[in-house]
Amino acid sequence: MAQNVNITSDECAWARFEVKILGRTIKGLRGFGFKKEVEKEHLYGAGDDAIDIQNGNKKNSGSIKVLGFEADAMNKAARDAGFDDITDVPHEAIVITCAYKKRAIDPVKTYIASGVAFTEAGVDLEQNAKHREITLPYLAMNVILP
């Protein structure tokens, strides 16, 4: 007998997310991603089977997807600080903090990307679009996952 699956799960609890960048809470958040990567490769010796797996460099990256007014506000904050846009802000100045609760009674879980350097800024517009949605990829010095 199959188990009943709760399709109304609060797995993402989107209503309780809070993302802060440069001390500003992002209300127009549409999505985000945090990623940690480690280069790994097989080590070969005699024969044709691997004898071990070696670790290499580590890499932290991700992206945030925001509504156009948020991207505009981030670029304006960068210009007000003397930079051309968000891609020119030094990575030492940007930390992304994303906190959420699965349920209102649960403890807060927090993702943190520090030393963030945005790698792209721009806009894509489509005919009949009801809003602007902009994805801003980034590299990070460190990513902390809950």
Side-chain angles (χ1 to χ4, degrees), residues 2-44 50-146:
Q3 286 186 324
N4 188 7
V5 176
N6 180 1
I7 60 172
T8 60
S9 167
D10 270 349
E11 175 65 23
C12 291
W14 199 250
R16 292 182 282 276
F17 270 90
E18 180 176 80
V19 173
K20 289 189 176 188
I21 299 175
L22 297 171
R24 183 174 183 275
T25 299
I26 304 296
K27 296 292 185 188
L29 179 71
R30 301 285 293 180
F32 70 91
F34 290 77
K35 184 167 50 173
K36 294 178 89 164
E37 296 178 61
V38 178
E39 292 177 353
K40 295 186 180 217
E41 65 181 41
H42 286 104
L43 175 65
Y44 292 94
I51 59 173
D52 201 358
I53 296 176
Q54 299 291 299
N55 292 337
N57 292 330
K58 296 178 182 180
K59 178 177 155 182
N60 300 294
S61 62
S63 65
I64 61 167
K65 188 182 296 185
V66 297
L67 291 173
F69 77 90
E70 291 288 7
D72 293 345
M74 291 168 64
N75 283 320
K76 181 181 182 318
R79 283 190 300 279
D80 289 348
F83 302 102
D84 289 339
D85 57 43
I86 194 69
T87 62
D88 288 335
V89 177
H91 68 274
E92 296 90 350
I94 302 177
V95 175
I96 299 174
T97 304
C98 178
Y100 73 97
K101 293 181 178 186
K102 183 175 178 183
R103 298 175 302 167
I105 62 171
D106 288 341
V108 174
K109 291 187 178 181
T110 305
Y111 295 89
I112 300 171
S114 59
V116 171
F118 287 99
T119 60
E120 295 179 23
V123 65
D124 291 319
L125 297 173
E126 297 179 14
Q127 189 274 337
N128 200 33
K130 307 300 184 273
H131 59 274
R132 292 181 298 143
E133 193 172 83
I134 299 168
T135 299
L136 301 169
Y138 65 81
L139 298 177
M141 295 300 295
N142 191 30
V143 167
I144 300 172
L145 303 173

Student: How long is the span from the NZ atom in Lys58 to the CG atom in Asn142, to the nearest 0.5 Å?
Tutor: 9.5 Å
Student: Looking at residues at least two apart in the chain, or sitting in another chain, which of them share a side-chain contact (heavy atoms from CB on, under 4.5 Å) with Leu136?
Tutor: Ile64, Val66, Met74, Phe118, Ile134
Student: With sequence neighbours left out, which residue pairs that include part of residues 69-82 fulfil the salt bridge (charged side-chain N to carboxylate O under 4.0 Å, His left out) condition?
Tutor: Arg24-Glu70, Asp72-Arg132, Lys76-Asp80
Student: Just verifying a value: how many Å separate Thr110 OG1 and Tyr100 OH, rounded to the nearest 0.5 Å?
Tutor: 9.0 Å
Student: Within a strict 4.5 Å, meaning less than it, do heavy atoms of the Leu67 and Arg30 side chains meet?
Tutor: yes
Student: Tell me whether Lys130 contacts the main-chain N or O of Asn128 through its side chain, where contact means a donor paired with an acceptor under 3.5 Å.
Tutor: yes
Student: What residues, two or more places apart in sequence or in another chain, satisfy side-chain contact (heavy atoms from CB on, under 4.5 Å) together with Val89?
Tutor: Ala78, Phe83, Ile86, Ala93, Ile94
Student: More than 12 foreign heavy atoms under 6.0 Å from NZ of Lys36: is that the case here?
Tutor: yes
Student: Are any non-hydrogen side-chain atoms of Asn55 and Lys40 less than 4.5 angstrom apart?
Tutor: yes
Student: Kindly give the heavy-atom pair with the smallest separation between Tyr138 and Ser63, and that separation in Å.
Tutor: CE2-N, 3.2 Å
Student: Could you walk me through whether Lys27 and Thr25 satisfy the side-chain contact (heavy atoms from CB on, under 4.5 Å) test, starting with their C-alpha distance in whole Å, then the side-chain angles of each, then the deciding distance to 0.1 Å, before giving a yes or no?
Tutor: CA-CA 6 Å; Lys27 296 292 185 188; Thr25 299; 4.1 Å; yes
Student: Taking the side chain as every heavy atom from C-beta outward, state whether Leu145 and Tyr111 have any pair of such atoms under 4.5 Å apart.
Tutor: yes
Student: Partners of Glu41 by salt bridge (charged side-chain N to carboxylate O under 4.0 Å, His left out), sequence neighbours excluded?
Tutor: none
Student: What distance do Gln54 atom CD and His42 atom NE2 have between them, rounded to the nearest 0.5 Å?
Tutor: 11.0 Å
Student: To the nearest 0.5 Å, tell me how far Asn60 CG sits from Leu139 CG.
Tutor: 9.0 Å
Student: Can you run down the salt bridge (charged side-chain N to carboxylate O under 4.0 Å, His left out) pairs that involve residues 106-115, sequence neighbours left out, and say none if there aren't any?
Tutor: Arg103-Asp106
Student: Return the CG to CG distance between Asp52 and Leu43, rounded to the nearest 0.5 Å.
Tutor: 6.0 Å
Student: Could you tell me which residues satisfy side-chain contact (heavy atoms from CB on, under 4.5 Å) with Asn57, sequence neighbours excluded, listed by chain and number?
Tutor: Glu39
